[in-house]
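Below: the structure, in structure tokens.
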Amino acid sequence: MKSLNGLKVFAAIVCLLLGTCLFIAYYLLNLKVLSAILVYAVFVVLIVVIFVVVKARKKEDIDDILAKLNDSTKLALKEGDLGLLVYDKNYKITFMSDLFIENEIDHTGEKLLTWIPEIQSVVDGTNDRSVIVINDEKYEVSKKSDSYVLIFKDISKEYDLEKRIKDEAYVLGLCNFDNYDEVAESEDTITYVNANIKIPVMEYFKKHGIVYRTLRNNRLQLILNYQKYEELYKDRFSILNIVRREAKKADLDITLSMAFAYDYEDLAELDNETSNLLEIAQTRGGDQVVVRQYGKDAIFYGGSSEAREKQSKVKVRVMTNSIKQLIKDSDNIIIVGHSEADSDCIGSMLGVSCMVNALGKDNYVVCMSGEIEPMTKDVLSKYNKELSEDHKLVSENEAMNHLTDNSLVIMCDHHSLAQSNCQALLNQAKKIAIIDHHRRKADLDVDATYLYVEASASSTCEIISEFFAYIPRIEVSDVVANIMYLGIIIDTNHFRVRTGSRTFDAAKSLRNIGAEPTLVETLAQEPYINLKKRIDIINSAVRIYDDILLVCVEKGEYSRSLASQASDSMIQTKDIEAVFTICYTTNDESIITARSKGSINVQAILEKMNGGGHMTVAGLQRKNVLVTDLKNELLGVLEEYLANKEKQDESDIA
């Protein structure tokens, strides 16, 4: 089109020049009028011929383009519903149809990707279609396969209608003031919390046009549409920072947890989902937002605080009574742990076995499948005779022989099927109970009848030791007490991390039962060969981002416990806030163990890579992945996390 316009301008200039020449020839050179007119006429005829030829060639080009299209596209183009753009192998636009001309869009002769670079993925075939905006109008662009033809469909009306429907769709939310009941000990405290925390939260929702109603002292129900939710998202849910800051001023452990769900057609299901999401947020420690769109995975925002210790003997008694009843109503009990079982896993399984023995039910402890980390394996081997007298230590295949429709399978120290040492057994089990201290994932891959995930606990052994007080006539041997005590000191790095009053209470109760701290420290000692390997890992550390250590060991195999111990050692380094250790455990498995002092949420980072754990202790395992590939993936996730963390910190400025 631009070449044709240029030709018209050229023709006009030629005609002007010819007219000037005719004037000069007649008046200045005294040529005969007929001769001058004849010359002028010849040039005019020549220009007309050029126009006719160009027009014919243009028609041939258009016919050639249309010939490449199927009948349905021709009809759509004829009716004016679609726009057509043709480009050459050099991405130069050679033709634009009437849809563009009618909207005063003409880029013929220009480079396609210079004009609209966002359709690169459509041009190279990465995506089938893309939505772009031209002059405030929305177009869906697709490519005619094996050609240089792009089809533009004006979807402005549909797009705007869809956006309006989406913006006005209902979103249901719940807002909970975590630990409200625990801190509201006096009238002065309640007054401060209400004036400086609750009222600002309500004003925040009011400012964003969100309808709220009080369900109880520490909980609000939120009713809003998706547009209002988008406002909260763009604001980075800054109210979490406001609550955290005000609570810190008064030295109160109050945080905010929020849950939002949308795109559910059934309102009852929507209401139920928000309740489930809020429970997940709280079991993960609170101080975060959980959002789920129907049919999608839950997304977590915030979570910058470690799970708060919740000293509630009432809850422990209720949870103990519930598991007791389940045990009594079952034919037998099968106790399973995670693969590469550590001291906390084995100790909690043996503790549960003591509970079941006291309740008079047969039980089987599956610790002969799924591997055991070396130190714990040595401990089991050392005390195998004593343990075998009171507990039935079996493999998964042996346990399968005892599985009935009324068997209760208890998962200790994990809540994921993928991590279990008894996946086949869990797939067949009709009743499953979970007791764990890791931050809960949004979606469980097992259907649990009983779920007790307490992220504020230092270890699963701590949780089980709290059960003992409500189990009559329970007998726990010195060996089991020592192994449970070992589980606590390993998971707390000798009471250095995630240790609260409950942890010391658990250690005290185990000490009263018969645990010997000096003996346990001896059991925790590592052999010389492990020391050498741990030093090899530490020597591979590289400092990144000034306060993060990254280790990537490309050769050799190291146990998970050894990698964890190396990370534990490195996190004690001054000015280091986080450590990530990447290595092989076998020739086909790679792992990451991560540690943090609290300012960096390693659990949130590794969750992005389908790992998990706690804010300060986390990990993941991958099959058939090179450690170098795992390192590159981690660096990408880490970069994104730190960028978002910087934005979050900026929103926390008063």
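When the shell of 6.0 Å around NZ of Lys631 is examined, it contains 12 or fewer heavy atoms from other residues, nucleotides or ligands. Counting non-hydrogen atoms of neighbouring residues, nucleotides and ligands closer than 6.0 angstrom, the CD atom of Glu230 exceeds 12 such neighbours. More than 12 non-hydrogen atoms from other residues, nucleotides or ligands lie less than 6.0 angstrom from CG of Asn401. Atom CD of Glu371 is surrounded by 12 or fewer heavy atoms from other residues, nucleotides or ligands within 6.0 Å. Lys377 NZ: 12 or fewer foreign heavy atoms inside a 6.0 Å radius.
Tyr450 meets the ring-ring contact (aromatic ring centres under 6.0 Å, His included) test with no other residue; sequence neighbours excluded. Judged as a ring-ring contact (aromatic ring centres under 6.0 Å, His included), and not counting sequence neighbours, the contacts of Tyr226 are Tyr229, Tyr262. Here Ser599 pairs with Glu577 under the side-chain hydrogen bond (donor to acceptor under 3.5 Å, both in side chains) rule; sequence neighbours left out. For Phe495, the ring-ring contact (aromatic ring centres under 6.0 Å, His included) criterion is met by Phe504, not counting sequence neighbours. Every side chain to side chain contact (heavy atoms under 4.5 Å, CB included) that Ser416 has, sequence neighbours left out, goes to Ala418, Gln419, Lys441, Asp445. In this structure, Glu386 has no salt bridge (Lys or Arg N to Asp or Glu O under 4.0 Å) partners at least two apart in sequence or on a different chain. For Asp362, the salt bridge (Lys or Arg N to Asp or Glu O under 4.0 Å) partners two or more places apart in sequence, or in a different chain, are Lys392. Under the rule for a side-chain hydrogen bond (donor to acceptor under 3.5 Å, both in side chains), Tyr212 has no partner lying at least two apart in sequence or in another chain.
Within the structure, ring-ring contact (aromatic ring centres under 6.0 Å, His included) contacts touching residues 410-439 (residues at least two apart or in different chains) are His437-His614, His438-His614. Listed by first and then second residue, the ring-ring contact (aromatic ring centres under 6.0 Å, His included) pairs that reach into residues 360-410 are Tyr364-His402, sequence neighbours excluded. Each salt bridge (Lys or Arg N to Asp or Glu O under 4.0 Å) pair with one or both residues in residues 414-426, not counting sequence neighbours, would appear here, but there are none. Sorted by first and then second residue, the pairs that involve residues 601-622 and meet salt bridge (Lys or Arg N to Asp or Glu O under 4.0 Å), not counting sequence neighbours, are Arg284-Glu607, Arg622-Glu633.
In this structure the side chain of Thr581 never reaches within 4.5 angstrom of the side chain of Ile592, judged on heavy atoms. You'll find the side chain of Thr449 reaches within 4.5 Å of the side chain of Leu326, heavy atoms only. Between Arg560 and Glu589, some side-chain heavy-atom pair lies under the 4.5 Å cut-off. Side chains of Arg213 and Leu222 form no contact here, defined as non-hydrogen atoms less than 4.5 Å apart. Counting heavy atoms from C-beta on, the side chains of Asn406 and Lys430 never come closer than 4.5 Å. A 4.5 Å side-chain heavy-atom check between Val290 and Ile299 finds every atom pair outside the cut-off. Counting heavy atoms from C-beta outward, Ser275 and Leu277 have side chains that stay 4.5 Å or more apart. The shortest distance between side-chain heavy atoms of Gln293 and Phe260 does not fall below 4.5 Å.
Here Arg502 contributes atom CZ and Asp505 contributes atom CG; the two are 9.0 Å apart, rounded to the nearest 0.5 Å. With rounding to the nearest 0.5 angstrom, the OG atom of Ser567 is 10.5 Å from the CG atom of Asn493. Distance check: Met615 CE to Lys597 NZ gives 14.0 Å after rounding to the nearest 0.5 Å.
Taking every heavy atom of both residues into account, Met375 and Ser343 meet most closely at CE-OG, 3.6 Å. Residues Val480 and Gly351 share a closest heavy-atom pair of CG1-N, 4.2 Å. When all heavy atoms of Asn421 and Gly370 are compared, the pair lying nearest together is CB-CA, 3.8 Å. Between Ile474 and Cys354, the shortest heavy-atom contact is CG1-O, 3.9 Å. Counting all heavy atoms, side chain and backbone alike, Leu486 lies closest to Ala524 at CD1-CB, 3.7 Å. Across all non-hydrogen atoms, the minimal contact from Val336 to Cys422 is CG1-SG, 3.6 Å.
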(message) Gln282 vs Ser257, test: side-chain hydrogen bond (donor to acceptor under 3.5 Å, both in side chains). Steps then yes/no.
(response) CA-CA 7 Å; Gln282 292 180 296; Ser257 292; 5.4 Å; no
(request) Check the pair Ile432, Asp447 against side-chain contact (heavy atoms from CB on, under 4.5 Å), reporting the backbone distance first and the verdict last. (result) CA-CA 7 Å; Ile432 298 174; Asp447 186 11; 6.0 Å; no
(message) Assess the residue pair Thr320 and Arg317 against the criterion (side-chain contact (heavy atoms from CB on, under 4.5 Å)); give the C-alpha distance rounded to whole Å, side-chain angles, the decisive distance to 0.1 Å, and a yes or no.
(response) CA-CA 5 Å; Thr320 306; Arg317 185 172 67 250; 5.6 Å; no
(request) With side-chain contact (heavy atoms from CB on, under 4.5 Å) as the test, would you mind laying out the steps for Thr214 and Gln221 before giving the verdict? (result) CA-CA 6 Å; Thr214 302; Gln221 185 170 57; over 6 Å; no
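Thr376 and Glu373 share a side-chain donor-acceptor pair at under 3.5 Å. Judged purely by distance below 3.5 Å, without hydrogens or angles, the side chains of Glu398 and Ser395 pair a donor atom with an acceptor atom. Side-chain contact of Asp413 with Thr460: a donor-acceptor pair under 3.5 Å is present, judged by distance alone. With no hydrogens or angles considered, no side-chain donor-acceptor pair links Glu396 and Ser369 at under 3.5 Å. Asn357 and Asn363 are linked by a side-chain donor-acceptor pair at a separation below 3.5 angstrom, with hydrogens and angles left out of the test. Side-chain atoms of Ser458 and Thr492 include no donor-acceptor pair closer than 3.5 Å.
At least one donor-acceptor pair under 3.5 Å links the side chain of Ser407 to the backbone N or O of Thr404. At distances below 3.5 Å, at least one donor-acceptor pair connects side-chain atoms of Arg292 with backbone N or O atoms of Lys296. A donor-acceptor pair under 3.5 Å is formed between the side chain of Asp178 and the backbone N or O of Asp287. Counting only distance, with no hydrogens or angles, the side chain of Asn427 and the backbone of Gln423 share a donor-acceptor pair below 3.5 Å.
Note: Phe177 and Tyr180 have tilted aromatic rings, judged against thresholds of 30 and 60 degrees for the angle between ring planes.
Each of Lys361, Lys431, Gln325 was evaluated against Ser330; a single residue qualifies, Lys431, per the side chain to side chain donor-acceptor pair (under 3.5 Å) test. Of the options Leu220, Val201, Ile239, a side chain to side chain contact (heavy atoms under 4.5 Å, CB included) to Met258 is made by Ile239 and by none of the others.
Taking the six-membered ring for Trp and the full ring otherwise, the centers of Tyr264 and Tyr170 sit at least 6.0 Å from each other.
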